[in-house]
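The next block holds one structure in the form of structure tokens; read it before the comments.
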Amino acid sequence: MPKFQFARIDRLPPYVFAVVNDLKMKLRRAGEDIVDLGMGNPDLPTPQHIVNKLCEAAQNPKNHRYSQTKGLFKLREALALWYKRKYNVDLDPETEVITTIGSKEGLAHLALTLINPGDVAIVPAPAYPIHPYSIIIAGGDVRSIPLLTDEGFDKEAFFEAILKAYKESWPRPKLLILNFPHNPTTATVDLSFFEKVVDFARENNLIVIQDIAYAEISFDGYVPPSILQVKGAKEVAVEFYSLSKTYSMAGWRVGFAAGNKEIIHALYRMKSYLDYGMFQPIQIAAIIALKGDQSCVEEYRKIYERRRDVLVEGLNRIGWSVEKPKATMFVWAKIPEKFRAMGSLEFSKMLLLDGKVAVSPGIGFGEYGDEYVRFALVENELRIKQAVRGIKRAFEKYGLRNIKV
Ligand SMILES: Cc1ncc(COP(=O)(O)O)c(C=O)c1O
């Protein structure tokens, strides 16, 4: 019997990804060359002009003091300009934008701001873990709706599932969390989907949080819409954007929430008790990221697109049939039938031990994930080819050639 009880921590299950990570480290220490396509941790460097600005700003002692919780005005303005440039959306940087220490921090503290014990939030599953767990940490209840991609993503059915979950829940859900392009399933939507969501949310006083971390990583001409493009969205919605993926700035921790004033102000009130904003040189460099030379965005997008092609075409060649995603830096692959019964954790361990490839087991993303694994496109094309050869070897070890899912 432990001496102390931590009720909030007790609601958090053990981190499944740690099992694969620990095994990967063990194999690497034993000298194995593991291609790591597990965590969505970008390998590309932050573009040099952004790093240079950080170094320059760090030399100025004025930037060593506490900054502002909301973020520098010029940074909030740069985000508003990004929305104008990309989506023709007008945002008031003073009242409709706040910076966050990465969008993960923002999402977690926004849930803490909005959710009281017993409040209900509708969250798709599988999901990026902070989407459901921010609600759990805040003491709320999650109403899961399946985000299924077996036969392709059916937006209509998904929208119906939102309505059903809303109507069947009591107390009525306060919050809906969306994330398109979606991690881990890579599902995408068009603007008409967001229009329907906003209509419903306005009629029912439902708050919508939409996470657009993969806004700039999309392929084959597809451009992910912003929920803020919908007329009236600002009455009910807040969207989170992040520099982690677009500019390969994951370690810098720069994110934003934009949209409904009341919600942005509430998040500001909460954060003003918790932090003093990001280190100011990081904020100054982030302004340069958003307002400076944008050629890196296209360059990085193309790199992810080529990696996607190499991986998906490679997997298909060895008989693992997988669709090309339209966005994100992931491939969400249904485990071949012959291995499906072992579950995603055991299958991932098998890929590590026999194929020398690390992937994320789908079960780590919650309900409806266990028949899948997620590949993150965070190693170069040669290494991805090496991963495909490793997987082929692993399958052959079990006597499987050209297995079809
Ligand atoms: C959907 C989604 N949202 C948010 C994040 C985290 O972003 P940040 O680095 O801004 O906290 C990730 C990171 O993988 C993500 O996949």
Could you go through W252 and Y247, starting from their C-alpha distance and side-chain angles, then the distance that decides it, and tell me whether this counts as ring pair (Phe, Tyr, Trp, His ring centres under 6.0 Å)?
CA-CA 10 Å; W252 298 52; Y247 301 96; over 10 Å; no
Where at least one partner belongs to residues 110-144, residue pairs that pass ring-ring contact (aromatic ring centres under 6.0 Å, His included), sequence neighbours excluded:
Y128-H131
Could you tell me whether E381 and R308 make a salt bridge, using a distance below 4.0 angstrom between a side-chain N and a carboxylate O?
no
Does the distance from a Lys or Arg side-chain N to an Asp or Glu carboxylate O, for E216 and K86, drop under 4.0 Å?
yes
Does T186 reach the main-chain N or O of W332 with its side chain, forming a donor-acceptor pair under 3.5 Å?
no
Reported CG-to-OG distance for the pair N21 and S348, which is rounded to 0.5 angstrom
11.5 Å
Please work out whether the ring planes of F17 and Y15 are parallel, tilted or perpendicular, with thresholds of 30° and 60°.
perpendicular
Is the distance between the ring centroids of F256 and Y83 less than 6.0 Å?
no
Using 30° and 60° as the class boundaries, would you call the ring planes of W320 and F395 parallel, tilted or perpendicular?
tilted
In terms of ring plane angle, is the pair Y87 and W82 parallel, tilted or perpendicular, where the classes change at 30° and 60°?
perpendicular
Test: K70 cationic atom under 6.0 Å from Y268 six-membered ring centre, within 45° of axis
yes
Should we count CD of E94 as having more than 12 external heavy atoms under 6.0 Å?
yes
Is the closest basic N to carboxylate O distance between D43 and R307 below 4.0 Å?
yes
Got a salt bridge between R393 and E396, using NZ or NE/NH1/NH2 to carboxylate O under 4.0 Å?
no
Taking 4.0 angstrom as the limit, do K24 and D36 come out as a salt bridge?
yes
Spatial distance of atom CG (L206) from atom CD1 (I122) [nearest 0.5 Å]
6.0 Å
Are K196 and F159 in a cation-pi setup, meaning NZ or CZ lies under 6.0 angstrom from the ring centre and within 45 degrees of the ring axis?
yes
Tell me which donor-acceptor pairs under 3.5 Å the side chains of residues 136-146 have, and how far apart each pair is, sequence neighbours excluded?
from, atom 1, to, atom 2, distance (Å)
R143, NH1, S169, OG, 3.2
R143, NH2, E168, OE1, 3.0
S144, OG, E367, OE1, 3.3

May I ask you to check whether F365 and Y372 place their ring centres under 6.0 Å from each other?
no
Lys/Arg-Asp/Glu bridge criterion (N-O < 4.0 Å) met for K324, E313:
yes
Quick check: do H182 and T185 have side-chain heavy atoms less than 4.5 Å from each other?
yes
